[in-house]
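Each remark here refers to the structure printed beneath this line.
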Amino acid sequence: MKQQLIFVYNANSDSFSSLIDFAHKIISPNTYNCNLCSLTYGNFSVKKEWKDFVQQLAIETIFLHKDEFEKLYQSQTNLPAVFIKEKDSLKEIISAEEINQCENLFSLKELISSKLLLYAKHYHSNI
């Protein structure tokens, strides 16, 4: 199995949660609890700049909601977060704290790029 980069949103996948999240982002964006969502999505869809960035990454990417992640990995952690999955190993490479410090999409992309580079150097990976 190849490596996978797993982005986990701090939001649930059900329709009601999606509706509440949508309203929250518009009404009170400063108090919305998923900075990964806020930075990568506009009010209605994923930002083109984000979509283009993810497509150019040299690693398979997966996006999960909080409930999906907890079900798949029986893991609870502070979210949002980014993980690398390699075989049976799941390693957090970007914490909620680091994502929440990003003020814009550019800083998030820089964070992801630098973390992938560090991971590749440390684990002799081809990312």
Side-chain heavy-atom pair Pro80, Tyr9 within 4.5 angstrom cut-off | no
No-hydrogen, no-angle side-chain donor-acceptor test under 3.5 Å, Ser107 and Asn104 | yes
Atom pair NZ (Lys85) and OG (Ser89), whose distance is rounded to the nearest 0.5 Å | 10.0 Å
Kindly determine whether Phe69 and Thr77 satisfy side-chain contact (heavy atoms from CB on, under 4.5 Å), including the steps that lead there.
-> CA-CA 10 Å; Phe69 177 75; Thr77 188; 4.1 Å; yes
Got a second to check how far Glu97's CD is from Asn78's CG, nearest 0.5 Å?
-> 9.5 Å
Could you go through the ring pair (Phe, Tyr, Trp, His ring centres under 6.0 Å) check for Phe83 and Tyr73 one step at a time?
-> CA-CA 12 Å; Phe83 301 84; Tyr73 296 103; 7.7 Å; no
Glu92 and Ala81: which non-hydrogen atoms are nearest, and at how many Å?
-> OE1-CB, 4.0 Å
Any side-chain heavy-atom pair of Gln74 and Glu70 under 4.5 Å | no
Using modelled atom types only, decide if a donor and an acceptor are shared between the side chain of Asn35 and the backbone of Ile99 within a distance under 3.5 Å.
-> yes
Looking at CD of Glu60 and CD1 of Ile6, how far apart are the two atoms once the value is rounded to the nearest 0.5 Å?
-> 9.0 Å
Close side-chain approach of Cys102 and Leu111, heavy atoms under 4.5 Å | yes
Between the side chain of Glu98 and the main-chain N/O of Ser95, is any donor-acceptor distance below 3.5 Å?
-> yes
Quick one: which residue pairs count as a salt bridge (charged side-chain N to carboxylate O under 4.0 Å, His left out) with a foot in residues 35-56, not counting sequence neighbours?
-> Lys48-Asp52, Glu49-Lys109
For the pair Phe7 and Thr61, evaluate side-chain contact (heavy atoms from CB on, under 4.5 Å) and give the outcome as yes or no after the intermediate values.
-> CA-CA 8 Å; Phe7 293 88; Thr61 55; 4.0 Å; yes
Honestly curious: do Val46 and Ile112 fall in one hydrophobic cluster under the side-chain, below-4.5 Å linking rule?
-> yes
Report the C-alpha distance between Leu116 and Leu57 in whole Å, list the side-chain angles of each, state the deciding distance to 0.1 Å, and finish with yes or no for side-chain contact (heavy atoms from CB on, under 4.5 Å).
-> CA-CA 10 Å; Leu116 286 174; Leu57 293 173; 3.9 Å; yes
Can you find a pair of side-chain heavy atoms, one from Asn10 and one from Leu36, that are under 4.5 Å apart?
-> no
Apply side-chain contact (heavy atoms from CB on, under 4.5 Å) to the pair Leu108 and Thr40, showing each step before the final yes or no.
-> CA-CA 9 Å; Leu108 177 65; Thr40 61; 3.7 Å; yes
Between Ile84 and Tyr119, is any pair of side-chain heavy atoms under 4.5 Å apart?
-> yes
The single option from Ile94, Ile93, Val54 that satisfies side chain to side chain contact (heavy atoms under 4.5 Å, CB included) with Leu5 is Ile93
Any idea how Trp50 and Phe63 line up, ring-wise: parallel (<30°), tilted (30 to 60°), or perpendicular (>60°)?
-> perpendicular
List the atom of Gln3, the atom of Ile59, and the distance in Å for their closest heavy-atom pair.
-> O-CG1, 3.6 Å
What pair of heavy atoms forms the shortest contact from Leu105 to Leu39, and how long is it?
-> CD1-O, 3.7 Å
